[in-house]
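Since the structure comes first, as structure tokens, the remarks are kept for the end.
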Amino acid sequence: MQLEKEQQAILDGSQGETMAKVMKTLVMYGDTFGATHMVPVTSQKGHLVTSFGLSVMKPVYSLMQQLIDGGAVSKQPFSVDPRPLDKNVPANPLQNLFFKVMYSKQADYEKQLTTLGLMSKDAFSCTCYMEEIGNIPAKGDVLSWAESSAVVYANSVLGARSNRNSGIIELFGSIVGFVPYFGLLTDSGRQATWIVEVRTSQKPPAQLLGSAIGMKVMEEVPYIKGLDTFLGKELGDDAKAFLKDMGAATASNGAVGLYHVEGLTPEAVDSGADLIVPSAKTYMIDDAELERVKKSYPCIWKKPDARPKLCFIGCPHLSQKQLHDWTETLEKELKASGRKKVSIPTVFTAAPAVKKAFEQTEDFKRLTAMNVILSDICPLMYMNNPQCRNMPVITNSNKLRTYTTARYHTDDEIVKILSKGAI
Ligand code: F3S
């Protein structure tokens with residue numbers, strides 16, 4: 001990789017030994033992926049994926065301390081993924097004991113994050129790009145992020161540029177202020193190699209559509225046609241929420257870091273079909289294909305017909321608009337079923353700032369009156385507890401389904417389960 005004078009100087013130790021090691025790691029990372037040179041990180045803020053003080057991650061804490069002691073802190077303030085704990089989320093005494101042991105380093109780790117550049121004490125969410133949190137990259141910004149759902153959103157919906165980096169590497173980019181130039185940072189890496197034709201009879205469930213696309217194209221870039229019929233031509237609250245959820249599923253059920261939606265996402269609006277390479281393959285998605293994909297999900301519960309004990313909605317974290325919509329829908333369906341409360345313990349998750357804003361609204365009272373718990377936890381961190389893994393948990397998140405034992409249901413199915421006690 002060809003380094004500029006300033007970058008070479010850092011590598012040679014001009015800013016100390018720790019900074020030199022950070023630069024060396026990034027150079028090795030870039031060399032591995034065939035990067036030709038490094039480019040400046042231009043976003044105002046960074047975002048870290050490693051938010052949890054897992055007791056077994058000792059090398060991470062010692063690395064963070066070395067960075068702090070060596071003065072190699074982040075050049076940009078950053079947000080970080082959701083916290084792993086919330087005492088409001090139901091857990092039995094044994095599960096709580098495991099949580100205490102598993103995440104025993106949380107408080108210490110948060111102190112390290114603060115010293116390294118955490119933007120505020122509540123900047124814990126995978127949806128850092130929501131207005132309430134304020135880490136919204138501009139179109140064309142070069143980022144050093146790792147959280148897969150945030151990377152795919154920033155690239156696709158905001159038109160920023162980030163590779164799907166790993167945890168720690170993304171922090172190193174924010175520390176040095178440069179990232180290796182390859183993959184999704186390049187124009188050619190942002191060309192679509194798949195055309196996805198959406199031909200469903202109605203608006204498809206976002207997380208099911210994303211799953212189908214992700215499993216088909218894996219790490220390649222899809223250009224999605226036909227979705228603007230359902231989402232319109234404006235990136236309003238509903239379209240953004242849909243693309244957030246669809247994107248998270250493409251990124252976790254496959255390894256998508258960028259998608260284009262014809263007539264809607266910024267680069268597709270600017271360049272249209274010029275984004276598609278001539279050799280692009282085509283994948284057609286209709287109702288039958290979505291049904292096939294859904295049926296292919298294995299159920300890994302010990303007792304597949306067990307009654308669900310918990311329901312998680314909000315992975316990635318919900319927007320305020322989604323919280324209002326869920327409140328409305330759930331209240332209507334419960335009423336129609338002659339119920340006042342949800343049939344199983346239910347947790348909605350949202351960023352601390354989104355949660356705070358929603359708590360000021362009348363809908364928050366309506367939601368809690370139905371016994372729904374609002375939390376800023378990461379459901380995946382909850383499910384990582386070995387005592388939670390065996391529990392029959394349902395979710396509308398295809399990311400949570402992929403990484404845990406939780407069972408996926410569409411929004412419509414979830415509403416039926418919560419209002420009628422069964423599908
Ligand atoms: Fe966000 Fe945790 Fe889901 S980071 S996308 S809530 S797994």
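Numbering starts at 1 and runs along the sequence shown. What you see below is based on every heavy atom in this structure, not just the backbone, and it leaves out hydrogens, waters and symmetry mates. Numbering of ligands and ligand atoms starts at 1, following listing order.
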Checklist outcome for this item: ligand 1 to C126, heavy atom cutoff 4.0 Å, flagged ligand atoms 1 (Fe), 4 (S), 5 (S), 6 (S)

Item to check | H317 N/O/S atom closer than 2.8 Å to atom 2 (Fe) of ligand 1 | outcome: no

Checklist entry - For ligand 1, does M381 get within less than 4.0 Å through its side chain, its backbone, both, or neither, judged by non-hydrogen atoms? => result neither

Next on the checklist: Under a 4.0 angstrom heavy-atom cut-off, which atoms of ligand 1 come close to K399?
Outcome noted: 5 (S), 7 (S)

Item to check | Any donor-acceptor N or O pair under 3.5 Å, side chains Q322, K244 | outcome: yes

Checklist entry - Would you say the side chains of D287 and T200 form a donor-acceptor pair under 3.5 Å? => result no

Next on the checklist: Is it true that D81 and S51 share a donor-acceptor pair across their side chains at a distance under 3.5 Å?
Outcome noted: no

Checklist outcome for this item: min-distance protein heavy atom vs atom 3 (Fe) of ligand 1 -> C315 SG, 2.3 Å

Checklist entry - A248 near ligand 1, heavy-atom distance under 4.0 Å? => result no

Item to check | Those atoms of ligand 1 less than 4.0 Å from some heavy atom in L380 | outcome: 7 (S)

Item to check | atom 2 (Fe) of ligand 1: nearest protein contact (heavy atom, Å) | outcome: C378 SG, 2.4 Å

Next on the checklist: Are more than 12 heavy atoms, taken from residues, nucleotides or ligands other than K341, located less than 6.0 Å from that residue's NZ atom?
Outcome noted: yes

Item to check | Partner of K321 by salt bridge (charged side-chain N to carboxylate O under 4.0 Å, His left out), out of D238, D237, D363 | outcome: D238

Checklist entry - Which ligand 1 atoms does P82 reach within 4.0 Å, using its non-hydrogen atoms? => result 4 (S)

Item to check | Ring-ring centroid check Y382 F99, cutoff 6.0 Å | outcome: yes

Next on the checklist: Ring-plane angle category for F33 and Y29, please: parallel below 30°, perpendicular beyond 60°, tilted otherwise.
Outcome noted: perpendicular

Next on the checklist: I'd like to check which ligand 1 atoms, numbered from 1 as shown, lie under 4.0 Å from a non-hydrogen atom of P379.
Outcome noted: 6 (S)

